[in-house]
There are 2 protein chains.
Amino acid sequence: MIVEGLTMSLPNVPGVPLYVQIREALREEIEDGQFVPGQQIPPEEELASHYGVSRMTLRRAITDLIDEGFIYRRHGVGTFISHLQVNRDHTRLTDFLEGAKASGLEARVEVLKKEVVPANHQVAKALALDEGVEVLHITTLRIVNDQPVTLHNSYVPRALLGLLSEDKLAVSSPWLLLENRGMKIKDALERLEARGADEEQAAILAMEQDDPILYKERIVFAEDGMPVEFEVCYNRGDKYSCSIILRR
Amino acid sequence: MIVEGLTMSLPNVPGVPLYVQIREALREEIEDGQFVPGQQIPPEEELASHYGVSRMTLRRAITDLIDEGFIYRRHGVGTFISHLQVNRDHTRLTDFLEGAKASGLEARVEVLKKEVVPANHQVAKALALDEGVEVLHITTLRIVNDQPVTLHNSYVPRALLGLLSEDKLAVSSPWLLLENRGMKIKDALERLEARGADEEQAAILAMEQDDPILYKERIVFAEDGMPVEFEVCYNRGDKYSCSIILRR
DNA sequence: GAGTGGTCTAGACCACCCG
DNA sequence: GGGTGGTCTAGACCACTCG
C-alpha cells in the first residue's frame with residue numbers, strides 16, 4: 001500500500017527507466033488487489049512526490065497502464081481502477097507454439113512441404129513483390145492435443161532467407177526468427193472469413209467436406225512498414241476461434 | 001515542405017493543443033506525399049524550433065503518428081516515413097451504418113424483434129449481470145446492396161435504457177447511442193468462429209442450411225471497464241469478412 | 001566524436017468537474 | 001473555489017548508431 005508523505009525508495013535499477021519501474025510497481029499493487037475496481041488512486045502530484053519523480057515522469061507510467069486498460073482518467077475528477085481487466089494480449093501478434101504453451105496446451109507442428117516457388121498474384125500483392133519473383137513457401141499442420149487444427153501456409157521473400165536458419169524454419173514462425181535476428185516486427189494485418197472445407201483440407205484436418213473452416217490470411221510488417229511474411233491458413237471451425245480487442 | 005531556419009506560424013487555434021496542430025500539420029505533409037517512404041524527417045530539435053515549441057511537445061505529436069503507423073523512430077539514427085500505410089481503422093470499433101457509409105455501400109437495418117427478456121447464462125456472463133436479470137434484446141437484419149448479410153442480436157442491461165432514445169434504438173448501435181449521450185466507450189472484446197447456418201439463419205440470410213457463417217460475439221466496454229452491450233451476430237460467409245491489425 | 005532519439009526535471013498555467 | 005488532470009517549457013544528461 002502507498003504510504004503518504006513518504007518518498008518511496010525505488011530499487012534504482014540502473015538502465016531501467018524510472019517510468020518503467022513506477023509503472024511496474026503500480027501494476028503490481030493493482031494486480032495484488034491493493035486497489036479495488038472503481039477506486040480512485042492518489043492524485044498525480046502526490047504520487048509523483050511519493051515516488052520522488054517529476055509529474056511528467058509519473059504521467060508517463062500512468063499513461064502506459066491506461067493503454068493496457070488497467071486504469072482510466074477523468075479530467076477534473078481523478079484517476080481510477082478499471083472494473084474489468086480484459087486480457088489485452090488478444091490484439092497482440094504471437095507465435096503459435098509460444099501462445100499454445102502459454103495456454104497450457106500440448107501443441108506441435110508438422111512440416112508438410114518446403115519449397116521455393118514463384119509468387120502468384122495473391123502472394124506477390126501481399127508481399128509487395130512482382131508476380132513471379134521467388135518466395136519460400138512452407139506448408140505445415142498445426143496440432144493441438146493430438147488433433148489437427150490448422151493447415152498453415154507461409155510465404156517469405158527469398159531476399160530475407162539469408163536471415164533465417166534453415167533448421168528452425170517451419171517450427172517457429174518465420175517472422176519470429178526474423179525478430180530473433182534483430183529485425184523489429186511492428187504489426188500484422190489479418191483478414192478472416194468463414195468457408196467450407198474443400199476435399200484436400202477436409203482430409204488433412206480430419207473433417208467432412210464443406211464443414212466450416214475459419215479462413216485467415218495475415219501479412220506481417222516490419223517497423224519500416226515493409227511486409228516480411230504472408231500467411232494463409234485454414235482452421236477447423238469447431239476447434240478454433242479468434243479473439244480480439246477493438247478500440248473505440 | 002518544411003523550410004529550415006524559419007519558425008512556422010501555427011494557426012494558433014485557441015482550444016486546440018499545440019501537439020494536435022503539429023501532428024495534423026505533419027500528417028498532412030506525409031499524406032500529400034511531401035515525404036517519400038523510407039525518407040528521414042528532420043531531427044526533433046530542428047522540428048521543435050521550426051514549429052516554435054519545446055522538444056517534449058514535438059515528441060508528443062511524433063509519438064501519436066508512430067502509434068498510427070505513419071512513421072517510425074530508430075534510436076540513435078533518426079525518424080523515418082513508413083513504407084506502407086496500413087489502414088489502422090481496422091482495429092477500431094465502428095458502427096455498422098457509419099462504416100458502410102464510409103465505404104460507399106448502400107446499407108440499411110431492419111428490426112425483427114425488440115423485447116425485454118431475462119438474461120440467459122451467456123448474456124449474463126458477458127454483461128457481468130446475474131442470470132435472470134432483465135435485459136433489452138434487439139434482433140435486426142443488416143442489409144447491404146439489398147442483400148441480407150448479417151443477422152444481429154444486441155443485449156443491453158435494462159439499467160441503461162434510461163439513456164437510450166426509443167426511436168433510434170436498433171438503427172444505431174446501442175453503444176453509439178450511449179456514446180452520444182456522453183458515455184465514454186473504451187473498447188470491445190470480439191470472438192470469431194466459423195459455423196454452419198442452421199435452418200432459421202439460412203432462411204433469413206437467403207442461404208442454404210450448413211452454408212458457412214462467420215459467427216461473431218462482442219462485448220462493448222465503457223471507459224470504467226464495465227460492459228454496456230453484448231452482441232451476437234451471424235454473417236454470411238460469402239459476403240462478409242473481418243480485417244484487423246495485431247500489434248507485436 | 002558527432003548526431004540522433006530516450007529520459008527526466010521543476011516548475012507553470014489552463015481546462016474541467018464538483019459541491 | 002478547490003482539486004483534479006491536460007498541456008507546455010527550456011533546459012539537462014544519457015544511450016544508441018555510425019563512420
Side-chain angles (χ1 to χ4, degrees), chain A residues 2 4 7-8 10-26 38-67 70-82 182-184 186 223-224, chain B residues 2 4 7-8 10-26 38-67 70-82 182-184 186 223-224:
Chain A
I2 292 175
E4 300 189 23
T7 293
M8 175 98 174
L10 280 171
N12 190 20
V13 188
V16 179
L18 287 173
Y19 74 86
V20 173
Q21 298 179 45
I22 293 169
R23 182 185 70 205
E24 297 312 315
L26 284 171
Q39 182 183 340
Q40 183 171 6
I41 69 176
E44 298 178 347
E45 197 84 59
E46 191 178 316
L47 282 175
S49 75
H50 168 70
Y51 284 112
V53 298
S54 73
R55 199 177 140 218
M56 284 296 263
T57 300
L58 179 95
R59 274 178 67 79
R60 169 87 196 251
I62 297 276
T63 301
D64 282 359
L65 291 172
I66 288 173
D67 288 344
F70 279 100
I71 55 188
Y72 63 99
R73 276 199 275 241
R74 290 180 58 192
H75 192 180
V77 184
T79 306
F80 305 84
I81 306 296
S82 290
M183 181 177 276
K184 296 248 174 79
K186 182 167 65 180
E223 71 165 349
D224 64 0
Chain B
I2 292 174
E4 301 190 23
T7 294
M8 175 96 174
L10 281 171
N12 190 22
V13 188
V16 179
L18 287 173
Y19 74 87
V20 173
Q21 298 180 44
I22 293 169
R23 181 184 72 205
E24 296 312 315
L26 285 171
Q39 182 183 341
Q40 182 172 6
I41 68 175
E44 297 178 349
E45 198 84 57
E46 191 179 315
L47 283 175
S49 75
H50 168 70
Y51 284 112
V53 298
S54 72
R55 199 176 140 219
M56 285 297 263
T57 299
L58 179 96
R59 274 178 67 79
R60 170 84 197 254
I62 297 276
T63 302
D64 282 359
L65 292 172
I66 288 174
D67 287 344
F70 279 99
I71 54 187
Y72 63 100
R73 276 198 275 240
R74 290 179 57 193
H75 191 180
V77 184
T79 307
F80 304 84
I81 307 294
S82 291
M183 182 177 276
K184 296 251 173 77
K186 182 167 64 181
E223 70 165 350
D224 63 359

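What's counted below: heavy atoms across the whole structure, side chains too, no hydrogens, waters or symmetry copies. So that the names make sense, note that chain A is the first sequence line, chain B the second, and so on, each numbered from 1.
- When side chains are defined from C-beta on, A:V20 counts as touching A:R23, because their heavy atoms get closer than 4.5 Å.
- B:Q21 has its CD atom 12 Å from the P atom of D:dT7, to the nearest Å.
- If you measure from atom CZ of A:R60 to atom C1' of C:dC8, you get 11 Å, rounded to the nearest angstrom.
- For C:dG6, one of the phosphate oxygens OP1 or OP2 lies less than 4.0 angstrom from a side-chain nitrogen or oxygen of B:R59.
- Between the CD1 atom of A:I22 and the C1' atom of C:dT7 there is a distance of 12 Å, given to the nearest Å.
- At least one side-chain heavy atom of B:R59 sits under 4.5 Å from a side-chain heavy atom of B:R55.
- As a whole-Å value, the separation of A:Y72 OH from D:dT4 P is 16 Å.
- Between B:K184 and A:R74, every side-chain heavy-atom pair lies at or beyond the 4.5 Å cut-off.
- As rounded to whole Å, 14 Å separates atom P of C:dG5 from atom CG of B:L65.
- As a whole-Å value, the separation of A:R73 CZ from C:dC16 P is 16 Å.
- At least one donor-acceptor pair closer than 3.5 Å links the side chain of A:Q21 to the backbone N or O of A:V16.
- Between A:D224 atom CG and A:M183 atom CE the span is 7.5 Å, to the nearest 0.5 Å.
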Quiz item: How would nucleotides 9-19 of chain D be written as a contact map, 5' to 3', with B for base contact, S for sugar-phosphate-only contact and - for no contact, using protein heavy atoms under 4.0 Å?
Solution: BB-B--BBBS-
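- Listed for the A:S82 side chain is a donor-acceptor partner under 3.5 Å among the backbone atoms of A:F70.
- Proximity note for B:P43 (side chain, C-beta onward) versus D:dT4, C:dT4, C:dC8: the nearest is C:dT4.
- A straight line from CG of A:D64 to P of C:dG6 spans 14 Å, rounded to a whole angstrom.
- Between the CD atom of A:E46 and the P atom of D:dG3 there is a distance of 12 Å, rounded to whole Å.
- The shortest distance between the side-chain N/O atoms of B:Y19 and the OP1/OP2 oxygens of D:dC8 is not below 4.0 Å.
- Considering only side-chain N and O atoms, A:T79 lies under 4.0 angstrom from the phosphate OP1 or OP2 of D:dG5.
- Among B:L47, B:I62, B:L58, the one residue that satisfies the side-chain contact (heavy atoms from CB on, under 4.5 Å) test with B:I22 is B:L58.
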